[in-house]
Amino acid sequence: MLEVARELIGKTLVHETPAGRTSGLIVEVEAYIGESDPACHAAPGRTKRNAPLYGPPGIAYVYLNYGMHYLVNAVTEPIDSPAAVLIRALEPFEGIELMRRRRARGTGKRAASFERNGLCRGPGNLTKSLAIDLAQNGLDLTGRELFIEDAPASMTEAFPIAWSTRIGINVGKEQVWRAFVPGNPCVSGKSSLNGNGRSAAGDHLTSPA
DNA sequence: CGTTCGATGCACT
DNA sequence: GTGCATCGAACGT
């Protein structure tokens, strides 16, 4: 499972829409594993909302939280083993101008005022830039609309990976189940290891316990 | 630098 | 009615 999270780092998440194609390199993820993980949506058992977690792996689990942000996960385990990787940040790759227009929508701001590195920094931001909402819930991530694929050869350098505790939760804080590319300016949250002054004491470069 | 707080909608008890 | 796997603006050091 944590291996899947690690493998997703450095792949691309792509969304094809009538408006165009947007994609980015996955630089930050978190694992949510099973009903025994209090922060996982499967913790209360099977419900209508979390049903995709109990389905086959390779499926997108999308939901709305805080009433205003859609979050996208990749289901990772076999049927009846609820677990998923939350995609938290991307380095924008294709469709950057389209991302800017989507981010500006509804705000009074100009699309041009959005910096590239911030377009997909944070799970709520990346779904807005890629136009991911409940319509994509349950899609096959190996399909043609919303999918994960290997990065182009020109980008397949080895990515350094750091692990930390998960962000934005109140339970299950002990697990070191957040993986990110240290130093990458598109990573959300704080990290002394990402080289831009956003730091957190718990970060470390070794593998999780 | 840091922390607090409002916006906002839906699933769940 | 309560509580979020958030974001960013508005404050206080």
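Just the heavy atoms: all of them, side chains too, but no hydrogens, waters or symmetry mates, feed the values below. Throughout, a chain's letter reflects where its sequence line sits, starting with A, and its residues are numbered from 1.
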Looking across every strand, which nucleic acid part, if any, lies under 4.0 Å from A:K109 by heavy atom: base, sugar-phosphate, or nothing?
sugar-phosphate
With a cut-off of 6.0 Å (strictly less than), are more than 12 heavy atoms of other residues, nucleotides or ligands near CD of A:E94?
yes
Please name the pair of heavy atoms, one in [X] and one in [Y], separated by the smallest distance, quoted to 0.1 Å.
{"X": "A:A39", "Y": "A:R166", "result": "CB-NH2, 3.8 Å"}
{"X": "A:A84", "Y": "A:N73", "result": "CB-CB, 3.8 Å"}
{"X": "A:L53", "Y": "A:C40", "result": "CD1-SG, 4.4 Å"}

Ignoring hydrogens and geometry beyond distance, is a side-chain donor-acceptor pair present between A:Q175 and A:D37 at under 3.5 Å?
no
Would you kindly compare A:F114 and A:L53 by the position of their nearest DNA chain C nucleotide and give the one closer to the 5′ end?
A:L53
Could you measure between the two P atoms, the one in B:dT13 and the one in C:dA5, and give it in whole Å?
14 Å
How far does the P atom of B:dT8 sit from the matching atom of C:dA10, given to the nearest Å?
15 Å
Kindly say whether A:R103 contributes a backbone atom to a donor-acceptor pair with the side chain of A:K109 at under 3.5 angstrom?
no
Ignoring hydrogens and angles, tell me if any N or O in the side chain of A:Y54 forms a donor-acceptor pair with the backbone of A:R46 under 3.5 Å.
yes
Contact residues, residues 59-86 of chain A to DNA chain B [heavy atom, < 4.0 Å]:
A:L64, A:Y66, A:G67, A:M68
Near DNA chain B, under 4.0 Å by heavy atom, which residues of residues 33-50 of chain A?
A:T47, A:K48, A:R49
Identity of whatever pairs with C:dA5 - Watson-Crick or G-U, under 3.5 angstrom
none
Just checking, A:R102 and A:F114: is the charged tip under 6.0 Å from the six-membered ring centre and within 45° of the axis?
no
OP1 or OP2 of C:dA5 under 4.0 Å from side-chain N/O of A:K173:
no
Report yes if a side-chain nitrogen or oxygen of A:R166 is closer than 4.0 Å to either non-bridging phosphate oxygen (OP1 or OP2) of C:dT6; otherwise report no.
no
note: A:R88, atom CZ; C:dC7, atom C1'; distance rounded to Å ~ 11 Å
I need the CD-P distance between A:E30 and C:dT6, as an integer number of Å.
8 Å
If two hydrophobic side chains count as joined below 4.5 Å and joins carry through other members, does A:I169 share a cluster with A:F180?
no
